[in-house]
Every structure is written in structure tokens, then in C-alpha cells.
Amino acid sequence: MGCPEKGVPELTSTGADRTCPSARCEPGATLLGVKGEDGRINHLRTAMPIDAHFVDTARQAGPPEQRMRFASGCATTGCSQWTGNRCGVIDRVLTHLESIDLPIQNGLPSCPIRATCRWFDQTGAAACHACTYVTTDNASA
Ligand code: SF4
């Protein structure tokens, strides 16, 4: 059962009306960002819906989740990362980044899903500062 840290906004929605920013590459998801040469995710200006053809093509070069990020509806209780009232992924990511003392960037990355993002809903700007370091294939590690 996670508890928001001091100074971090309370979770405003436990329903399925939020968007998962670290979804699998599946038809119906949207392409959220692409990993750059520096290993960080560059968010697209507009999330791009993907179809089966995109998925098949992307998989030919290896797991797409290792070099791109995808978004889809947050599955809440249907997801193994759901802790009961929040997503456990971003909490673990933030704990890990705190332990390695990563510098905080100025401003937030532009993001096409911030209005509904589960991670932003839970932890606000801290999630966005961490977000560009997240690779979905490693997110639950
Ligand atoms: S954590 Fe922030 S930057 Fe990342 S997807 Fe959510 S709103 Fe966008």
C-alpha cells in the first residue's frame, strides 16, 4: 500500500480513466516517445496510435519496448504493477533515481498525455523528471 511522499500530490483517481505511460507495444496503444542516443526518451508532440502492422514491423528489430515508449489505458487491478491504489512502477523508479542522485532538470518535458497520465497523477512533476529515463522493458526491474 503506497503512501504519497510529503509534498507530493495525492492520487486523484484510482479509476481506469488514467493513461499508462509505460504500456506494451500492442495494437490500440499509442507511441509516446522514442529513445535517443543518450538513452533517454524523447516524447512525441502528439501520441501516435499504432496498429498491428506497426507492431509487427517494430518487433523485427527486437522488443519495441526497449527503444520506444507506448501509452494505453491504465488497467488498475488488471495490471500486476497495481499496488491496490496506485501504480508501483513510478514509485520504484523514483526510489531508484533518488538512490543514484540524478540531477533534476529545469522544466518539464513536453508530453502529449500529461492531462491523464497515471504517473503524473500520482507524483506530479517528479514523475516527469524521471520519465525520460524509463525504458518499459526495464521498468519493473
Ligand atoms: S510522467 Fe510526465 S512526462 Fe512521463 S508520460 Fe506522464 S506526464 Fe508525460
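Heavy atoms only: backbone and side chains are in, while hydrogens, waters and symmetry mates are out. Order of listing sets the numbers, starting from 1, for every ligand and every atom in it. Computed from a prediction, not measured in an experiment: that's the story for all the values here.
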**Student:** What's the count of protein N, O or S atoms under 2.8 Å from atom 2 (Fe) of ligand 1?
**Tutor:**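 Under the 2.8 Å cut-off, the count stands at 1.
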
**Student:** Would you say Lys35's side chain and Asn42's backbone share a donor-acceptor pair under 3.5 angstrom?
**Tutor:**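 Not at all, since once roles are kept as given, no pair shorter than 3.5 Å links the two residues.
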
**Student:** Tell me whether ligand 1 is touched by His43 - counting only heavy atoms on the residue side and a distance under 4.0 Å.
**Tutor:**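 Heavy atoms of His43 do come under 4.0 Å of ligand 1.
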
**Student:** If two hydrophobic side chains count as joined below 4.5 Å and joins carry through other members, does Ile41 share a cluster with Leu31?
**Tutor:**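 No.
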
**Student:** Report yes or no: is the cationic atom of Arg24 (NZ for Lys, CZ for Arg) under 6.0 Å from the centre of the six-membered ring of Phe70, at an angle within 45° of the ring normal?
**Tutor:**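 Not satisfied by the 6.0 Å and 45° rule.
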
**Student:** Do any N or O atoms from the side chain of Arg69 and from the backbone of Val134 form a donor-acceptor pair under 3.5 angstrom?
**Tutor:**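 Present.
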
**Student:** Looking only at side chains, do Arg92 and Gln81 share a donor and an acceptor under 3.5 Å apart?
**Tutor:**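 A pair is found: one side chain offers a donor N or O, the other an acceptor, under 3.5 Å apart.
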
**Student:** If you round to the nearest 0.5 Å, how far is CZ of Arg114 from NE2 of His43?
**Tutor:**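 The NE2 atom of His43 sits 7.5 Å away from the CZ atom of Arg114.
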
